[in-house]
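Just so it is clear, the structure is predicted and the values come from calculations on it, not from any experiment. By convention in this document, chain letters (A, B, ...) are assigned in the order of the sequence lines, proteins followed by strands, and residues within each chain are numbered from 1.
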There are 2 protein chains.
Amino acid sequence: MLNYKELDRAYQALGDVTRRAMVEHLTRGPATVSDLARPLPMSLPAVMGHLKVLEESGLVTSRKQGRVRTCQVEPRMLSQAERWIAERRQMWEANLDRLGEYLGEGNAK
Amino acid sequence: MLNYKELDRAYQALGDVTRRAMVEHLTRGPATVSDLARPLPMSLPAVMGHLKVLEESGLVTSRKQGRVRTCQVEPRMLSQAERWIAERRQMWEANLDRLGEYLGEGNAK
DNA sequence: TTTATAGTTAAGCATTTTCTTAAGTATCAG
DNA sequence: CTGATACTTAAGAAAATGCTTAACTATAAA
């Protein structure tokens, strides 16, 4: 399960173009910090900041070997964020169905 | 389709417990501003602020009749936010499959 | 050993976010 | 008309974000 703080962090992390670009990059495979930074229009420390947010959200993990840090997507957290939305949408649809039945009965149709 | 600014707004909107609570409330059916505010530990103007964020993100819409404003979830935007994550997850899985094939061939298994 | 690479930390600054209280406006009810 | 209700706006404080440059550490290469 996912507590509200984890969800906060995951959605906040995704609420930034730069970090979504990083996630998208990592879905094509693992990458180093420099790999992630190369296409981005900002300094390396700025990228590090975004990486920290992504790691704290659980969407990304990384390990350092020698002087190179390699980053990966964490698909589990991706799924969990996906699921929260999916569940709310389903809840809304279920409600809509119930309303439909009610109107259907009321109007004898 | 969804441009990056819309996605920004949608995920930023979901990246806050209060606003997720409001969305959750609205998945059980339409509600007025006061309905939304009642369970929340903050002032009405603060709730209005959150509502504004939700409306600007396209996740919620509202209409005013007389002095009462009624709010609704907008399931389309919910779906679109869901889809972005789903697509990245699938991208990652496809990549993993390709890696699996590669390793499979390499190891003659 | 010297130099280049890859990443990290720290300080500082502008902007945005999230909340407050106070003071409105526009219905609706009596 | 008078007061209560439902929201709305504005001003402002405190904290969080997102970036910069400068300085530093650890590793690898020459």
Side-chain angles (χ1 to χ4, degrees), chain A residues 3-26 29-73 81, chain B residues 3-26 29-73 81:
Chain A
N3 68 36
Y4 73 94
K5 283 204 173 174
E6 286 178 297
L7 265 184
D8 266 19
R9 281 194 280 252
Y11 286 124
Q12 268 173 31
L14 293 176
D16 179 283
V17 220
T18 301
R19 288 192 293 261
R20 280 202 309 281
M22 290 169 74
V23 168
E24 174 132 31
H25 188 142
L26 290 174
T32 68
V33 174
S34 302
D35 287 341
L36 288 174
R38 196 163 306 113
L40 298 174
M42 68 188 63
S43 67
L44 201 63
V47 174
M48 291 283 301
H50 286 301
L51 180 59
K52 195 183 172 207
V53 172
L54 285 169
E55 291 210 54
E56 284 171 355
S57 78
L59 288 166
V60 167
T61 55
S62 75
R63 281 191 315 153
K64 195 167 183 179
Q65 298 176 49
R67 57 184 169 173
V68 176
R69 178 175 295 280
T70 305
C71 310
Q72 281 206 334
V73 193
Chain B
N3 69 37
Y4 75 95
K5 283 204 172 174
E6 286 179 296
L7 266 184
D8 267 18
R9 282 194 278 253
Y11 286 125
Q12 268 173 30
L14 293 176
D16 179 283
V17 219
T18 301
R19 286 191 295 260
R20 278 202 311 282
M22 290 169 75
V23 168
E24 174 133 31
H25 188 143
L26 291 173
T32 68
V33 174
S34 303
D35 287 341
L36 288 174
R38 196 162 307 113
L40 298 174
M42 67 188 64
S43 67
L44 201 64
V47 174
M48 290 284 301
H50 286 300
L51 180 60
K52 195 183 173 205
V53 172
L54 284 169
E55 291 210 55
E56 284 172 355
S57 78
L59 288 166
V60 167
T61 54
S62 74
R63 281 191 315 152
K64 195 167 183 179
Q65 297 176 50
R67 58 185 167 169
V68 176
R69 178 175 296 279
T70 304
C71 311
Q72 281 206 335
V73 192

query: What nucleotide, of D/dT21, D/dT27, C/dT18, holds the atom closest to the side chain of A/R67?
result: D/dT27
message: Can you tell me how far apart CG (A/D16) and CG (B/L7) are? Round to the nearest 0.5 Å.
response: 11.5 Å
query: Of the nucleotides C/dT20, C/dT8, D/dT20, which one has an atom closest to the side chain of A/L44?
result: C/dT8
Whichever of A/M42 and B/T32 has its nearest DNA chain D nucleotide further upstream toward 5': B/T32
query: Do side-chain atoms of B/R9 reach the backbone of A/G15 as a donor and acceptor pair under 3.5 angstrom?
result: no
- line: Test side-chain hydrogen bond (donor to acceptor under 3.5 Å, both in side chains), reference B/S62, set B/Q72, B/K52, B/R69, output is B/R69
task: May I have the distance from B/K52 (atom NZ) to C/dC19 (atom C1'), rounded to whole angstrom?
output: 15 Å
- prompt: Looking for any heavy atom pair under 4.0 Å, which part of the strands does A/Q65 touch: base, sugar-phosphate only, or nothing?
  reply: nothing
- line: Testing C/dT18, C/dG7, C/dT17 for proximity to the side chain of A/S34, the answer is C/dG7
task: Would you indicate what B/G66 reaches in the nucleic acid, counting non-hydrogen atoms under 4.0 angstrom: base, sugar-phosphate, or nothing?
output: sugar-phosphate
Closest-nucleotide 5' rank along DNA chain D - winner of A/R19 and B/V33: B/V33
Candidates D/dT17, C/dT21, D/dT20 - which lies nearest the side chain of A/P45: D/dT20
- prompt: Between B/R38 (CZ) and D/dT5 (C1'), how many Å, whole number?
  reply: 12 Å
task: Counting heavy atoms from C-beta on, name the nucleotide in C/dG7, D/dA22, D/dC19 closest to the side chain of A/V68.
output: C/dG7
message: Output the rounded distance in Å from OH (A/Y11) to C1' (D/dA16).
response: 21 Å
- prompt: What's the closest nucleotide to the B/D16 side chain, out of C/dT18, C/dT8, D/dT27?
  reply: C/dT18
message: When you compare the side chain of B/M22 with that of B/V60, does any pair of heavy atoms fall below 4.5 Å?
response: no
task: Taking only the side-chain nitrogens and oxygens of A/K64, find out if one of them lies under 4.0 Å from OP1 or OP2 of D/dA26.
output: no
- request: Measure from CG on B/D35 to C1' on D/dT5 and round the result to the nearest Å.
  value: 14 Å
message: When you measure from the side-chain N and O atoms of B/S43 to the phosphate of C/dT20, is any distance below 4.0 Å, counting only OP1 and OP2?
response: yes
field: B/L36 CG to B/M48 CE distance, which is reported to the nearest 0.5 Å
entry: 11.0 Å
field: Interatomic distance where CE belongs to B/M48 and P belongs to D/dT8 [whole Å]
entry: 4 Å
